[in-house]
Amino acid sequence: MQLGRIIGKVWASVKNPGLTGQRLLIVQPVKADLAPGGKCLICTDSTGAGAGELIYWVRGKEASFPFTPDEVASDATVVGIVDELNLGKRSLGER
Amino acid sequence: MQLGRIIGKVWASVKNPGLTGQRLLIVQPVKADLAPGGKCLICTDSTGAGAGELIYWVRGKEASFPFTPDEVASDATVVGIVDELNLGKRSLGER
Amino acid sequence: MQLGRIIGKVWASVKNPGLTGQRLLIVQPVKADLAPGGKCLICTDSTGAGAGELIYWVRGKEASFPFTPDEVASDATVVGIVDELNLGKRSLGER
Amino acid sequence: MQLGRIIGKVWASVKNPGLTGQRLLIVQPVKADLAPGGKCLICTDSTGAGAGELIYWVRGKEASFPFTPDEVASDATVVGIVDELNLGKRSLGER
Amino acid sequence: MQLGRIIGKVWASVKNPGLTGQRLLIVQPVKADLAPGGKCLICTDSTGAGAGELIYWVRGKEASFPFTPDEVASDATVVGIVDELNLGKRSLGER
């Protein structure tokens, strides 16, 4: 999984039926120090995460597990909202 | 999923039977500010998207979901056409 | 899928039985303007493509679809030979 | 698989049910000389590895194999703790 | 598949049961001219390859095919030992 922050949403009226009813979040990947790093991507959501929240997402085939038995044509899904990162002495609370 | 813009098409008469009848679009990945970023790729299409449109595509095993039960030998498929991106204050309409 | 050009072959007498009888092509990825870009890789072939031809390949689980029901241990397979790329005004014929 | 070192943990109270009860480790990828290289990622764990240990992880669909028959929505899992790396003459013990 | 050279081994006493009895090789990816390029990785082996040999490996779900019906939690497996690369005029023998 990778860390990221939700920075926006996508609206799409024409889309694959397997994505109907799914929220599409724009996620900015972040590094362990929470600085942005890497290209934004679009994720489906299984957590109810909102704008600005620190989350982690899963990619690949596993991105469709949270929606089983539906076959959601997604390759990236938000699966958790981060409360706190513990990096040795440093502890970064988010909530 | 990732954002991209359709910039062309590919014609191929010799191809795997699993790709017969599939449109093959050339997609330029774009960043959240819609500037081009990254290498072009070839996608199959499940939306009817045309040249110049802003789309998002799915990669990997999920790229064959829209064609189930056919086994289409594709690893990247356009699954939605973007109406609007919402990035906090900025809202980028496409339609 | 991604565009590439076939630049060579690999001979291997010791290999996984699932690859027996498969041609192994060395593919140089190319960009939309057909200039080389990125690292070479080894692909199995489902098209009969030869040295110097412009092709596109599929990677991941889908790379074994053309060989179903055989379980070929390949993660990259040539699935089409390009006749022509259409990029707006420019049209790049290959055949 | 890739080599990495465990540098921290993630706490998340809101998460996909498929991740309930899983430890989430922050892993810093390392190179063959054990110097850090590449972006940190979050891994589930099948070994009991602790902070500071040198491990290797598996990614993709295989990352959920250790939890079969549970469908854990993970794309990266620690599957081994390294005792020793042997690189020709050099041997790097970890334990 | 990608080309690489075997540069070492990994010993791990604590590991996922799905990896028990598997040799773990450290592979340095090489380019078509056989110069090293890219990050080392750890591969399981289905060929009996030894230190210094030029090999190619498969990654992803296919990496577990050679071990079917065992579910080996590996995402990278050596599937062939290269005898010779043919790049147009140049022919690079390895054996």
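Residue numbering restarts at 1 for every chain, and letters A, B, ... go by the order of the sequence lines. In what follows, every heavy atom counts, from backbone to side chain, and hydrogens, waters and symmetry copies are set aside.
Of the options E/Q22, E/R23, E/K9, a side chain to side chain donor-acceptor pair (under 3.5 Å) to E/D45 is made by E/R23 and by none of the others.
Looking at C/T44, both its backbone and its side chain come within 4.5 Å of chain E, counting heavy atoms on both sides. Both the backbone and the side chain of C/K61 come within less than 4.5 Å of a heavy atom in chain E. For a residue to count as touching a neighbouring chain, one of its non-hydrogen atoms must lie under 4.5 Å from one of that chain's; by this rule C/A73 touches chain E with backbone and side chain alike. For C/I6, no part lies under 4.5 angstrom from a heavy atom of chain E. Of the atoms belonging to E/T68, it is side-chain heavy atoms, and not backbone ones, that fall under 4.5 Å from chain C. Proximity to chain E is limited to the backbone of C/V72, based on heavy atoms less than 4.5 angstrom apart. Within the 4.5 angstrom heavy-atom criterion, atoms from both the backbone and the side chain of C/L41 approach chain E. In this structure, the portions of C/I7 lying under 4.5 Å from any heavy atom of chain E include both its backbone and its side chain.
Judged by distance alone, with hydrogens and angles left aside, the side-chain atoms of E/R5 form no donor-acceptor pair with the main-chain N or O of E/Q28 at under 3.5 Å.
Using a 3.5 Å distance cut-off with no hydrogens or angles, the side chains of E/S74 and E/S64 do not pair a donor with an acceptor.
At a threshold of 4.5 Å between non-hydrogen side-chain atoms, the residues C/I26 and C/C40 count as touching. In this structure the side chain of E/I81 never reaches within 4.5 angstrom of the side chain of E/Y56, judged on heavy atoms. E/V79 is listed as a side-chain neighbour of C/L19, based on a closest heavy-atom distance under 4.5 Å. Between E/W57 and C/I42 the shortest side-chain heavy-atom distance does not fall below 4.5 Å.
Heavy-atom pairs under 4.5 Å with chain C peak, among E/A49, E/P29, E/S46, E/P66, at E/P66. With chain E as the partner, the residue from C/K15, C/K39, C/R59, C/E71 showing the most heavy-atom pairs under 4.5 Å is C/E71.
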